[in-house]
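Quick notes on the structure that follows.
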Amino acid sequence: MKPDLFNIASFLIDGGAMFGVVPKVLWSRVYSSDEDNLIVLTLRSLIIETDGHVILVDTGWGDKQDEKFFRHVHLHGGEGLISGLQKRGYRPEDITDVFLTHLHADHCGGATKWNKNHSGYELTFPDATYHISRTQWEWAAKSNLREADSFLEENIIPVEQSGRLNLVDEECELFKGFFVRMCYGHTPGLMIPVIKYKEKTLVYTGDLIPTLAHIPVIWNMSYDIESLKTIDEKERLLEEALEENYILVFQHDKDTECCTLEMTPKGIRAKEKFNFSEIK
Ligand SMILES: [Zn+2]
């Protein structure tokens, strides 16, 4: 069955923070912002069936936090997590594996939810195994001042208590045709899925290349913990992707779902842009 991609919800974030040291006069030509300098990001999740597994990649913000928290995030649009899955014929119990690229709140929040009487939390996908890299898990557990706002206890502890956590130690073929690439620049142990579909290779670029505008290797988010590592990891991925004709799939780009790459005088850039549904 063909993998599918859907936007759980869009949200707003400071454009300057998303483009780090790149001046606004440059980034605003390729990614639009509003009068408060906020830009729209999507939260696209992948759903993949392979070898008897039904795998969901990332889960969006979820809905455990209060109104004040979400006022700040400005959630809007999108299909919703459960309704987006339902539209594609999946109930929460059908998901066998939840793959979390990392534990920042916009990626893992939807993996857990309030229980029925609002007294505690439970897994959103009760029968799934939750896959997180060991490096990221240990990093988030000790947290740090820079990422404290992104590593929320209520998103992490219930997964640990469920006993359904699988810590991924290294790069591997986690499921048939589903490969894991480990990255360390955005946050240590960010997992990037590389998926073989028919003759094609799809890379879900997550927070390594959040939007098409982040393809230039030095256009990076200020959220990255180690920019030089991000630059190196992007460079290696982009070179391989160009060579092997991979399709990049963007989690956060409001305008573009997928692209192929080409070499230009300025370096590797997007070639064709298209929607995930156009992948044959
Ligand atoms: Zn992140």
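Every number for a ligand or one of its atoms is a count from 1 in the order of the listing.
- Sorted by first and then second residue, the salt bridge (charged side-chain N to carboxylate O under 4.0 Å, His left out) pairs involving residues 157-175 (not counting sequence neighbours) are R134-D169.
- Applying the side-chain contact (heavy atoms from CB on, under 4.5 Å) rule to D149 yields no partners; only residues at least two apart in sequence or on another chain are considered.
- Protein atoms of type N/O/S that fall under 2.8 Å from the Zn ion (ligand 1) number 4 in this view.
- The shortest non-hydrogen separation linking L123 to S162 is CD1-CB, 3.5 Å.
- A donor-acceptor pair under 3.5 Å is absent between the side-chain atoms of Q251 and the main chain of Y204, judged by distance alone.
- For E154, the salt bridge (charged side-chain N to carboxylate O under 4.0 Å, His left out) test picks out no residue, with sequence neighbours left out.
- If you chain together hydrophobic residues whose side chains sit under 4.5 Å apart, L202 and L208 never meet in one group.
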